[in-house]
Amino acid sequence: MEKQVVPGSFSLIKKINTSLILNTIREKGTISRAEIAKLTGLTPATVTNITGELIRHNLILEAERGESSGGRKPVMLKINSDGYYVIGVNISSNEAELIVANLNADIIFSDGFAIARHVSPNAVLDKIVNKLRKWISVNKEKKILGLGVGVHGLVNSQEGISIFAPNLGWENVPIKKILEDELHMPVFLDNDVRTMTLGENWFGAAQNISNFIFVYVGYGIGGSIVIDNQLYKGITEGAGEIGHTTIDLNGPQCSCGNYGCLQVMASEQGLINMAEEMMGFHKNLTPEFIYGLAAQNDSIAVQLVKKQAKYLGIGIANLINTFNPKLIVINGRLTNLEKLVMEEIRSVVERRSMKYLQESCNIIFSRLGEKAILKGTVALVLSETFNNIHDRGKDLTGKE
């Protein structure tokens with residue numbers, strides 16, 4: 001029986017192949033068309049046609065010639081890192097950070113401002129727009145590919161809406177529409193942890209890793225799951241809420257209403273709560289203060305940090321047993337105590353996860369640190385653009 005061709009399937013295949021070629025060039029740095037064909041399994045003709053389009057779009061360019069294997073030296077291709085620029089915005093619970101970066105996430109401009117409690121979303125977004133307009137007005141020669149936004153809390157990334165940002169008091173804020181209407185450029189939005197995950201995947205420790213989990217430890221605990229090179233978001237974009245998995249049935253109450261959550265046991269707030277309970281009084285403690293004492297081998301601080309790391313290790317063991325990832329990347333201030341924290345985590349994981357699953361999983365600390373979120377806003381734009389280059393053709397070239 002003759003197979004039917006699904007309408008639009010050819011354009012879909014072209015879209016997938018283009019993304020594959022772009023990411024192969026990005027990952028390899030410089031590469032020939034023949035090597036692209038070999039690595040991707042695409043025909044040389046397909047590679048030649050698509051790379052020709054990408055050169056016309058100014059996304060890639062021909063570099064020096066490579067080493068010859070006997071014949072003519074091949075022409076090497078690379079990402080045209082300064083052909084376009086990306087704007088990144090991080091809206092956290094107390095500040096907004098703005099950057100402009102090239103396609104390698106090298107930052108050429110940065111700015112920011114504090115966000116007062118209970119300030120309206122319109123006031124914050126207006127200030128972002130005004131700062132960006134000022135930069136754009138004196139950099140008119142720079143071609144902007146798009147704007148990526150990371151924001152704390154629950155989001156609808158498809159619609160670009162901040163559903164609920166509890167620390168800001170925002171609900172159902174159409175960030176994407178507001179910024180697109182004001183700045184006239186494509187805007188892409190996701191929550192802060194998933195944005196950091198993209199940063200690790202494109203520019204950090206998880207490059208070329210198709211199955212990994214990102215864990216962020218701050219005043220709360222967030223997680224993000226990458227399966228077969230795709231962020232797994234869940235049916236309502238709630239996947240990765242590992243901070244609200246139960247670690248101790250008899251543990252203290254979490255802000256979510258449950259008891260003994262990973263977040264209440266292993267977050268920075270959990271660390272402070274344990275410190276105050278151990279000392280028997282309140283001292284306006286901060287995580288930085290406790291981590292600083294632990295770095296100086298203060299016995300009580302070391303004990304507290306080990307306890308935090310132990311609970312975190314239980315959560316990570318559960319992730320390994322559930323998802324069987326190749327890599328787990330941990331970010332947060334506790335990673336500054338690398339040896340102390342990692343030894344405790346690995347000790348717990350060794351006891352609490354299945355042997356053959358833990359042996360195939362590497363647990364590491366992020367090297368991007370606080371830069372992960374802003375690098376991630378760049379990756380957010382690039383991932384959307386690279387995956388949808390044919391839908392963006394007019395935007396890139398100014399013509400169909």
Side-chain angles (χ1 to χ4, degrees), residues 19 21-31 54 57-61 63 77-92 95-112 128 131-132 135-136 139 141-151 157 179 183 185-210 212 214 216 224 226 229-231 327 329 331 335 364-389 392 395-396:
S19 174
I21 288 172
L22 267 169
N23 279 299
T24 301
I25 298 170
R26 179 182 66 84
E27 289 166 3
K28 295 300 178 182
T30 58
I31 187 172
L54 294 175
H57 284 324
N58 211 27
L59 276 171
I60 67 172
L61 49 79
L77 302 173
K78 67 178 183 179
I79 296 294
N80 184 11
S81 58
D82 292 310
Y84 290 90
Y85 292 83
V86 173
I87 296 173
V89 175
N90 170 34
I91 304 173
S92 68
E95 67 175 337
E97 299 173 277
L98 294 73
I99 63 163
V100 179
N102 67 12
L103 302 191
N104 286 331
D106 301 318
I107 296 171
I108 65 165
F109 168 79
S110 63
D111 199 353
I128 290 171
K131 284 182 175 291
L132 292 177
W135 183 88
I136 291 167
N139 292 275
E141 80 285 359
K142 297 283 195 297
K143 291 185 285 188
I144 304 298
L145 200 58
L147 191 161
V149 182
V151 62
S157 61
L179 293 180
L183 295 170
M185 65 177 66
V187 174
F188 308 99
L189 177 139
D190 213 328
N191 77 13
D192 51 0
V193 176
R194 286 201 293 261
T195 304
M196 282 189 268
T197 306
L198 279 174
E200 292 291 348
N201 198 198
W202 281 67
F203 305 111
Q207 291 182 65
N208 305 321
I209 305 295
S210 57
F212 73 97
F214 178 82
Y216 180 74
S224 184
V226 174
N229 289 312
Q230 298 294 319
L231 278 169
L327 178 71
V329 182
N331 197 337
T335 62
I364 61 173
F365 290 148
S366 168
R367 296 300 176 201
L368 294 181
E370 293 180 354
K371 294 179 182 177
I373 180 69
L374 291 171
K375 295 268 189 182
T377 60
V378 175
L380 184 58
V381 175
L382 295 183
S383 63
E384 291 288 345
T385 301
F386 282 19
N387 288 334
N388 299 282
I389 188 69
R392 295 284 316 282
D395 298 339
L396 296 171

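Values below: all heavy atoms of this structure, side chains included; hydrogens, waters and symmetry mates excluded. If you're wondering where the values come from, they're calculated on a predicted model, not measured in any experiment. One-based numbering along the sequence shown.
One finds the CD1 atom of Ile60 at 8.0 Å from the CD1 atom of Ile21 (value rounded to the nearest 0.5 Å). Atom CG of Leu382 and atom OH of Tyr84 lie 12.5 Å apart (nearest 0.5 Å). Here the CD1 atom belonging to Ile31 is positioned 12.5 Å from the CZ atom belonging to Arg26, to the nearest 0.5 angstrom. Taking OG of Ser157 as the reference point, atom CG of Leu189 lies at 7.5 Å (rounded to 0.5 Å). Taking CG of Asp190 as the reference point, atom CG of Leu231 lies at 6.5 Å (rounded to 0.5 Å). A distance of 10.0 Å separates CD1 in Ile99 from CD1 in Ile373, rounded to the nearest 0.5 Å.
Between the side chain of Asp192 and the backbone N or O of Gly150, no donor-acceptor pair lies under 3.5 Å.
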Test side-chain contact (heavy atoms from CB on, under 4.5 Å) applied to Ile25 and Ile79, step by step:
CA-CA 7 Å; Ile25 298 170; Ile79 296 294; 4.1 Å; yes

For Leu98 and Ile128: C-alpha separation, side-chain torsions, deciding distance, then whether side-chain contact (heavy atoms from CB on, under 4.5 Å) applies.
CA-CA 8 Å; Leu98 294 73; Ile128 290 171; 4.1 Å; yes

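At least one side-chain heavy atom of Val187 sits less than 4.5 Å from a side-chain heavy atom of Leu179. Contact annotation: the side chain of Ile87 approaches that of Met185 to within less than 4.5 Å [non-hydrogen atoms, C-beta and beyond]. Two residues are said to be in side-chain contact when any heavy atoms from C-beta on lie closer than 4.5 Å; Ile364 and Leu327 meet this criterion. Between Val378 and Leu380 there is no side-chain heavy-atom pair separated by less than 4.5 Å. Looking only at side-chain heavy atoms (C-beta outward), Phe188 and Val149 stay at 4.5 Å or farther from each other. The side-chain heavy atoms of Thr377 and Val86, taken from C-beta on, include no pair separated by under 4.5 Å.
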Validation: residues 105-112 side-chain donor-acceptor distances under 3.5 Å, sequence neighbours left out:
{"from": "Asp106", "atom 1": "OD2", "to": "Asn102", "atom 2": "ND2", "distance (Å)": "3.3"}
{"from": "Asp111", "atom 1": "OD2", "to": "Lys131", "atom 2": "NZ", "distance (Å)": "3.2"}

Side-chain donor-acceptor pairs of residues 196-206 under 3.5 Å, sequence neighbours excluded:
{"from": "Thr197", "atom 1": "OG1", "to": "Val193", "atom 2": "O", "distance (Å)": "2.8"}
{"from": "Thr197", "atom 1": "OG1", "to": "Ser224", "atom 2": "OG", "distance (Å)": "3.2"}
{"from": "Glu200", "atom 1": "OE1", "to": "Ala205", "atom 2": "N", "distance (Å)": "3.0"}
{"from": "Glu200", "atom 1": "OE2", "to": "Ser366", "atom 2": "OG", "distance (Å)": "2.4"}
{"from": "Asn201", "atom 1": "ND2", "to": "Ala206", "atom 2": "O", "distance (Å)": "3.0"}

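Across all non-hydrogen atoms, the minimal contact from Asn229 to Ile209 is OD1-O, 3.9 Å. The minimum heavy-atom distance between Asn331 and Ala372, with the atom names listed, is ND2-CB, 3.6 Å.
Residues satisfying the side chain to side chain contact (heavy atoms under 4.5 Å, CB included) criterion with Thr30, sequence neighbours excluded, are Glu64, Met76, Lys78.
Heavy-atom neighbours of Lys142 NZ from other residues, nucleotides or ligands within 6.0 Å: above the threshold of 12. Counting heavy atoms of neighbouring residues, nucleotides and ligands inside a 6.0 Å radius, atom CD of Glu27 exceeds 12 of them.
For the side-chain contact (heavy atoms from CB on, under 4.5 Å) with Tyr85, the lone residue among Leu145, Ile144, Val381 that qualifies is Ile144.
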